[in-house]
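Lettering follows sequence order; numbering is per chain, from 1.
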Amino acid sequence: VVTYNTLIHGLCLIGDLEEAQQLRDEMINQGILPDVLTYTILVNGSCKVGNLSMAKEFFDEMLHEGLEPDRFAYTTRIVGELRLGETSRAFSLQEEMLAKGFPSDLITYNVFVDGLCKLGNLEEACELLQNMVRDGLVPDHVTYTSIIHAHLENGHLRKARDIFYEMLSKGLSPSVVTYTVLIHAYAGKGRLEAAFTYFTEMQEKGVLPNVITYNALINGLCKVRRMDQAYKFFYEMEEKGIYPN
RNA sequence: UGGUAACCCCGUC
């Protein structure tokens, strides 16, 4: 079952759900029964390709097989419900999960925070932070990045920056993703000086920019037609062995 | 062996 799960996971990573499903069928024919991991992988893979009804089907099949979903399975399913905007269903699943002895962990909360942010419920997402603390959990850099990203998407750059500093004050280390969302927003709005400041700061802290970070900068520079500087970063990434995509 | 955050492109509106 580990071999099959690993292969199914690989197929899901490349987005080939048809083949993944066939392999699931094949393992059954071979007398190897899929387990909770198999279904979690399939539910997750379906979500990633945007086929949320398929995600639900796999989750239900897991139940029909008499398998008991665990925290990973529930959280994966919650991602799907939130993407559909089914907030109350997502919360019901959270309660169901709790009733089965799986209280939400940091990742479950992060899924809710990000999901609510993406649905435009930033307020509700922030309220969840209180629940996290109540449950003895500490918001991490992923939690903060979701909230910062939401503020940036709303055009509230200053608020985003404030949250960023709040994150630093709590001793959390921003990741390359945190810096990249900030750089993307500032560069995209023509605030290149601020973007450069973050770009410099991240490297001083040993956080290495990746191709997405460079794309964000180059995109901002191209928008304001500063092609010479755009090329400067383009060459710089090559020097660093970061390949343009 | 499985669950969370970022760019670009494309499609529908």
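- For A:T40 against B:G2, a side-chain-to-base donor-acceptor contact under 3.5 Å is present.
- For A:H141, no side-chain nitrogen or oxygen approaches OP1 or OP2 of B:U4 to under 4.0 Å.
- Of the listed nucleotides (B:G2, B:A6, B:A5), B:A5 has the atom at the smallest distance from the side chain of A:V142.
- Set against B:A5, B:G3, B:G2, the side chain of A:V79 has B:G3 as its closest nucleotide.
- For A:Y186 and A:Y198, the ring centers sit closer than 6.0 Å to each other.
- Side-chain to base pairing of A:T143 with B:A5: no donor and acceptor N or O lie closer than 3.5 Å to each other.
- Panel note: side chain A:R71, backbone A:P103; a donor-acceptor pair is recorded below 3.5 Å.
- Taking 3.5 Å as the limit, the base of B:G2 and the side chain of A:D70 contain a donor-acceptor pair of atoms between them.
- Residues A:F102 and A:F72 keep their aromatic ring centres 6.0 Å or farther apart.
- For the OP1/OP2 pair of B:C7 and a distance below 4.0 Å, the side-chain nitrogens and oxygens of A:K223 include no atom meeting the criterion.
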Polar atom pairs between nucleotides 10-13 of chain B and protein, under 3.5 Å, N or O only, would you list them?
none

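- Each of B:A5, B:A6, B:G3 was ranked by its minimum atom distance to the side chain of A:R71; first place goes to B:G3.
- Evaluation of atom-type donor-acceptor distances gives a pair under 3.5 Å for the side chain of A:T108 against the base of B:G3.
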* Candidate pair A:Q229 and A:L192, rule side-chain contact (heavy atoms from CB on, under 4.5 Å), full reasoning -> CA-CA 11 Å; A:Q229 266 183 310; A:L192 290 155; 5.9 Å; no

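- When heavy atoms are screened at a 4.0 angstrom cut-off, A:V43 is found touching no nucleic acid atom at all.
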